[in-house]
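One is the number of the first residue; the rest follow in order along the sequence.
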Amino acid sequence: MHRAMLTILILTTAPNAAAQIGDSPWDVSQEVELALLLAPGGSVDGAPERERALYEVGLGLSAERTFQSGWTLGGRGVFRAAQDHPDRPGGIGNILTNPSQGAAGGYSRLAAGPDLDDEGARGSLETAYLFLETGYGEISLGRDTGVAARFHEGNVSAVSRGRLLDPYLDVTGISGLNTRANLTGPSTKLSYVTPRLLGVRAGVSYTPRSDVRGLDRDATDTISPPQPELENVFEFGVNASRRLRESGVRLRGGVSYSVADLDAPNGFESAYDDSLDVFSAGAEVEWKDTYRLGLSWLSADEGLASSGDYTAWSAGLGYDRGDWRASLEYAEADIDAAGANASGYAASISRRISDVLQLGLSWQDLDVSSLRSVSVQPAAPSAESSGIVVEITLSFQN
């Protein structure tokens, strides 16, 4: 199917492309990445046990070709496998324990309810898309990240997989801090992004049906807690980057809006509206090519019929010097669907040891407490987890 789509794109969009196929080679690259998170110890109060070791493996393949017209045609595929916290497979879960299952937020995918069963390691084709880059912008089709998440700014963490905001792997099982508007995960979508003009670019993504069970964004309705189905998802985003010549300060910013139709899961029809929307904004200031200040904010109505919003914000300070990176961060979120407030801070440092090895160390403290304004019967307990997270990343590219 991908070969047929590739042929159609070449013949219908690139002038004289068929004649050029034999004239210039494809630029093909492969990548392998392995990430290991270690949590040797720490305090746990009312939270699930911290996972002592989590891992992720990624295998990627990309190819592209530039024609005489200046247009570039290409594709990329990435398969990832991971062992995440058993209470948080695919980023979903019951962030506070409750005997009865509550309705999950359409954006956060979080709720209050019983503990989940451990599903073990999982694998997913996270990326599989074709793209065509022209002087008029870039269009892509397939499994890819939407423009709302791609245009996100404001996260300055020195670590990646086990970071405080939007972690790929969660050793605590109670992470609920998210300001990156990833509403559709790796579901198939069509995206268009304009060229960058005066430092500004805009984009739109359309996802007919968000139904892929990704490692970091489970968008299916066949799991617990039961998840609403999202259809006809539109994402709009604007990203800007500008360097002030006299001072050397670089400014970056991104804003996005996402809207989707929603179908409630069986048994929860009365708990949901028929649509939801998400707003997101973030900014970063960098000076002396060393210091970075990042701010981000997100608000989602979650698609719940009663008052059930998700709001989050973060602030962080980063430091880059040669192979060293360091960061201080704080984030907070109100998760009405789970009847919870989540907050956390992190102090992180990392160093690139070689072209293939990077080591990171992060002290993190996460706290989740019941929101008195939301009725969760019986009242959900609080949960707290703190301790060191060690991140080891190996990456190979060819």
Review point. Of the non-hydrogen atoms in Leu164 and Ser175, which two are nearest, and what is the gap between them?
Key: O-OG, 4.2 Å
Check your understanding: Nearest heavy-atom pair of Ser256 and Ala181: which atoms, and what distance?
Key -> OG-CB, 3.9 Å
Is there side-chain contact between [X] and [Y], with at least one heavy-atom pair below 4.5 Å?
{"X": "Val171", "Y": "Leu54", "value": "yes"}
{"X": "Val193", "Y": "Ile139", "value": "no"}
{"X": "Tyr206", "Y": "Lys189", "value": "no"}
{"X": "Val212", "Y": "Thr184", "value": "no"}
{"X": "Phe268", "Y": "Pro228", "value": "no"}
{"X": "Leu394", "Y": "Leu36", "value": "no"}
{"X": "Phe79", "Y": "Thr127", "value": "no"}
{"X": "Ser343", "Y": "Tyr330", "value": "yes"}

[Y]/[X] salt bridge by N-O under 4.0 Å criterion:
{"X": "Asp170", "Y": "Arg163", "value": "no"}
{"X": "Arg252", "Y": "Glu153", "value": "no"}
{"X": "Arg109", "Y": "Glu302", "value": "no"}

Output all residues satisfying salt bridge (Lys or Arg N to Asp or Glu O under 4.0 Å) with [X], sequence neighbours left out; order by chain, then residue number.
{"X": "Glu31", "value": "Arg76"}
{"X": "Asp277", "value": "none"}
{"X": "Glu126", "value": "Arg80"}

Exercise for review: Establish, from distance only, whether the side-chain atoms of Ser385 and Arg50 form a donor-acceptor pair under 3.5 Å.
Suggested key: yes
Exercise for review: Scan side-chain atoms only and decide if Thr66 and Thr72 contain a donor-acceptor pair under the 3.5 Å cut-off.
Suggested key: yes
Partners passing side-chain hydrogen bond (donor to acceptor under 3.5 Å, both in side chains) against [X] (at least two apart in sequence or in another chain):
{"X": "Thr194", "value": "none"}
{"X": "Ser395", "value": "none"}
{"X": "Arg180", "value": "none"}
{"X": "Glu64", "value": "none"}

Distance-only donor-acceptor pairs under 3.5 Å for side chains of residues 244-251, two or more places apart:
residue	atom	partner	partner atom	Å
Ser247	OG	Val249	N	3.3
Arg250	NH1	Ser241	OG	3.2

Within the side chain of [X], is there an N or O that forms a donor-acceptor pair under 3.5 Å with the backbone of [Y]?
{"X": "Asp84", "Y": "Leu169", "value": "no"}
{"X": "Ser327", "Y": "Leu317", "value": "no"}
{"X": "Arg196", "Y": "Gly199", "value": "yes"}
{"X": "Glu391", "Y": "Ser160", "value": "yes"}
{"X": "Asn155", "Y": "Ser157", "value": "yes"}
{"X": "Gln83", "Y": "Ala121", "value": "yes"}
{"X": "Ser350", "Y": "Ala158", "value": "yes"}
{"X": "His85", "Y": "Glu49", "value": "yes"}
{"X": "Thr207", "Y": "Arg209", "value": "no"}
{"X": "Ser187", "Y": "Gly185", "value": "no"}

Could you list the donor-acceptor pairs under 3.5 angstrom formed between side-chain atoms of residues 355-364 and any protein atom two or more places apart in sequence or on another chain?
residue	atom	partner	partner atom	Å
Gln358	OE1	Arg352	NH2	3.1
Ser362	OG	Ser348	OG	2.7
Ser362	OG	Gln364	NE2	3.1
Gln364	NE2	Gly162	O	2.6

**Study point:** Inter- and intrachain pairs under ring pair (Phe, Tyr, Trp, His ring centres under 6.0 Å), touching residues 160-188, at least two apart
**Key:** none
Among the clusters formed by ILVMFWY side chains lying less than 4.5 Å apart, do [X] and [Y] turn up in the same one?
{"X": "Leu165", "Y": "Leu183", "answer": "yes"}
{"X": "Ile388", "Y": "Leu38", "answer": "yes"}
{"X": "Val57", "Y": "Phe396", "answer": "yes"}

Check your understanding: Is the count of non-hydrogen atoms from other residues, nucleotides or ligands lying under 6.0 Å from Arg243 atom CZ greater than 12?
Key -> yes
Point to revise | Tyr291 OH: over 12 foreign heavy atoms closer than 6.0 Å | key: no
Point to revise | Whichever hydrophobic residues join Val44 through chains of side-chain contacts under 4.5 Å | key: none
Practice item. Given side chain to side chain donor-acceptor pair (under 3.5 Å), test Ser382 with Ser369 step by step and report yes or no. Key: CA-CA 4 Å; Ser382 62; Ser369 57; over 6 Å; no
Nearest 0.5 Å please: distance from the [atom1] atom of [X] over to the [atom2] atom of [Y].
{"X": "Gln227", "Y": "Asp211", "atom1": "CD", "atom2": "CG", "result": "13.5 Å"}
{"X": "Ile353", "Y": "Thr393", "atom1": "CD1", "atom2": "OG1", "result": "11.5 Å"}
{"X": "Ser43", "Y": "Asp365", "atom1": "OG", "atom2": "CG", "result": "7.0 Å"}
{"X": "Leu215", "Y": "Arg213", "atom1": "CG", "atom2": "CZ", "result": "10.0 Å"}

Exercise for review: For Thr311 and Ser299, run side chain to side chain donor-acceptor pair (under 3.5 Å): C-alpha distance rounded to whole Å, both residues' side-chain angles, the deciding distance at 0.1 Å, then the answer.
Suggested key: CA-CA 4 Å; Thr311 57; Ser299 177; over 6 Å; no
Exercise for review: Give the ring-plane orientation class for Phe236 versus Tyr257, where under 30° counts as parallel, over 60° as perpendicular and anything between as tilted.
Suggested key: parallel
Practice item. Determine, using ring centers only, whether Tyr310 and Tyr107 are less than 6.0 Å apart. Key: yes
Check your understanding: Tell me the side-chain hydrogen bond (donor to acceptor under 3.5 Å, both in side chains) pairs involving residues 130-148, sequence neighbours left out?
Key -> none
